[in-house]
Participant: 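My questions will all concern the structure given below.
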Amino acid sequence: MKQASRRKFVFAAGATAGTAGLAAGLWRWYRAGHDAHAPHALPKPPVAPPTAADDAFPNALRLPGAAGLYGVVDHPRNLTLIAKPAAHEILPGKPARLLAYEAEANGRTFLNPVLRVRTGAAMRVKFWNALEETSIIHWHGLKVDSNNDGHPHYAVRGGATYDYQFTVANRAAMYWYHPHPHPLTGKQVYLGLAGLLIVEDEDDLALQKALDLRLGATDIPLVLQDRKLDANGAPVFAPSKDDRFHGHLGDQVLVNLTARPHFAAATRLYRFRILNGSNARVYRLGFRHGGKPLGYFVTGTDGGLLDKPYSVQDVFLSPGERVDALLDLRAAAAGDTLSLVSLGFDAMHLEGGKGAPHAAHGALADGAEIELLRIPVRSAVAYDRALPQSLSRIEPLATENATNRTLTLDEAKAVWRINGLTYDQKSTPIVVKRGTTELWEIRNVARSMPHPMHIHGVQFQVVARAGSPEQYRRIANAPRSLSPADLGWKDTVLVWPGETIRIAVDFTHPFMGDQVYMVHCHNLEHEDGGMMLNLKVAS
Ligand code: C2O
Ligand code: CU
Ligand code: CU
């Protein structure tokens, strides 16, 4: 009932934003964010009128523009990110209170800004915690020293600041930043704190040029976050005991904090750079054209470009992971309707125990089929770019002299564990020698859940999978039971129940002294529940 009336509201509300109660400043950033795309607008005619098909997805996808939510800050050198309550219309006409990172740059105000830098850039960021509880910013995927990593033991209390200063050593890719105070990460991310960090290098700029990829116009970041919203459209974080065990699922999926979004496209190539920013939900990403599956290309993963484009039908994306999907709309016609969907799959919650699919409290079940983004094709354009056959180089890590290590993921008394342990901020169960490569075998027991395992401070390569479930084996068409999205640099990898994954981790870095990072499950309720260990790289 509650659900039905909310839907009706979303459909009816359209674009009539109620301005009455809005503070002037707020309205300014809100509008600025929307006007910002005008200069990027694609050549339009011939234009198909909006169709009835868009009615179910009435809200224009929010895109990175020149200011406001997801506004792009280019080459930030001295930036202050303030974690604070902000107002944002997730449901049109209802400025809802959530949390966001606010920044000022070039006389403009940003919320959760997209930071765009080059490899090698020097960054200085001041984090100002304007929340009423501890927080810290973690740069997910970046190879920084532990002072700059945002490890929870650096969390600062409300009102305090933390200064970051580091060089971006990573390859071009879409990284992200989010809070990491223990055990408040899940709550703070859920309430809105998360932003993108786009790193560019020669290879990626070459691809952008070859395909005419422009951020916010034809190169589209998509942040997938399922949420439960209250009547004002504000996210409600109230996990039950069961949610804390399985992960907190929402009853709808927001894309770039837009409910029921559409993205109007033209007949050309687009790159969608997709982040699973959800606390717990896994997606199986596919496209549909007129109801039929439409293949696409995977061109990049967590740590950037693959060696070449791989043709796929679907890809699993677990919390924390990113994938670049190249979609070719040249065969479409103005008036066609496409969709980005999460295809149905077996979420494998407590597989061995015949656990019922997890769908507590009216949330969408994990593994349910969901239409995420409607893509109406509005205009036909001439576009004669060809997809390059080679994108970048991925040198396989040499593993002959690697140290072997095993991580076993299991559960006891409703607590998820790594090697039988849970987080203890004072102990460091994993010590690695700086400058070495390690081969880790991550084993998930059979009676378990899928765990997206993440390591701070490094990028790694997936070497092999064994014991994968059928739904994964179906797409594992690369050697050693890997799928295309396993073939790039990674910082997060999904380990299915019963599966054993081998990864090669490069612990080479230039930082003097011991560095303390961590390894954890990126299901944020599992992480906050303690499925997380300190990891020291000893110099
Ligand atoms: Cu994105 Cu320690 O996490
Ligand atoms: Cu991380
Ligand atoms: Cu987990």
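As a basis for the values below, the full set of heavy atoms in this structure was taken, side chains included, without hydrogen atoms, waters or symmetry mates. Quick caveat: nothing in here was measured; it's all calculated off a predicted structure. Just so you know, ligand 1 is whichever comes first in the structure, and atom 1 is the first atom listed for that ligand.
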Participant: Among the N, O or S atoms of His526, which one sits nearest to the Cu ion (ligand 3)?
Facilitator: ND1
Participant: Is it true that Glu102 and Lys84 have a side-chain N and a carboxylate O under 4.0 angstrom from each other?
Facilitator: yes
Participant: Charged N to carboxylate O below 4.0 Å: is that the case for Asp491 and Lys143?
Facilitator: no
Participant: Who pairs with Tyr154 by ring-ring contact (aromatic ring centres under 6.0 Å, His included), at least two apart in sequence or on another chain?
Facilitator: Tyr162
Participant: Taking NZ, NE, NH1 and NH2 as the nitrogens, is one of them in Lys187 or Glu133 under 4.0 Å from a carboxylate oxygen of the other?
Facilitator: yes
Participant: Do the charged groups of Arg284 and Asp346 touch, with an N to O distance under 4.0 Å?
Facilitator: no
Participant: Is the shortest distance from a Lys or Arg side-chain nitrogen in Lys228 or Asp251 to a carboxylate oxygen in the other one below 4.0 Å?
Facilitator: no
Participant: Side chains of Asp243 and Ser240: donor-acceptor distance under 3.5 Å anywhere?
Facilitator: yes
Participant: Would you mind writing out the side-chain donor-acceptor pairs for residues 425-434 within the sub-3.5 Å range, not counting sequence neighbours?
Facilitator:
{"residue": "Arg434", "atom": "NE", "partner": "His509", "partner atom": "O", "Å": "3.0"}
{"residue": "Arg434", "atom": "NH1", "partner": "Phe511", "partner atom": "O", "Å": "3.4"}
{"residue": "Arg434", "atom": "NH2", "partner": "His509", "partner atom": "O", "Å": "3.3"}

Participant: Under a 4.0 Å N-O cut-off, is there an ion pair linking Glu499 with Arg465?
Facilitator: yes
Participant: Listing by chain and number, which protein N, O or S atoms are under 2.8 Å from the Cu ion (ligand 2)?
Facilitator: His138 NE2, His454 NE2
Participant: Restricting to N/O/S, name the atom of His451 that gets closest to the Cu ion (ligand 3).
Facilitator: ND1
Participant: Is the distance between the ring centroids of Tyr190 and His248 under 6.0 Å?
Facilitator: yes
Participant: With 2.8 Å as the threshold, which protein atoms of type N, O or S lie near atom 2 (Cu) of ligand 1? Leave waters out.
Facilitator: His180 NE2, His456 NE2, His520 NE2
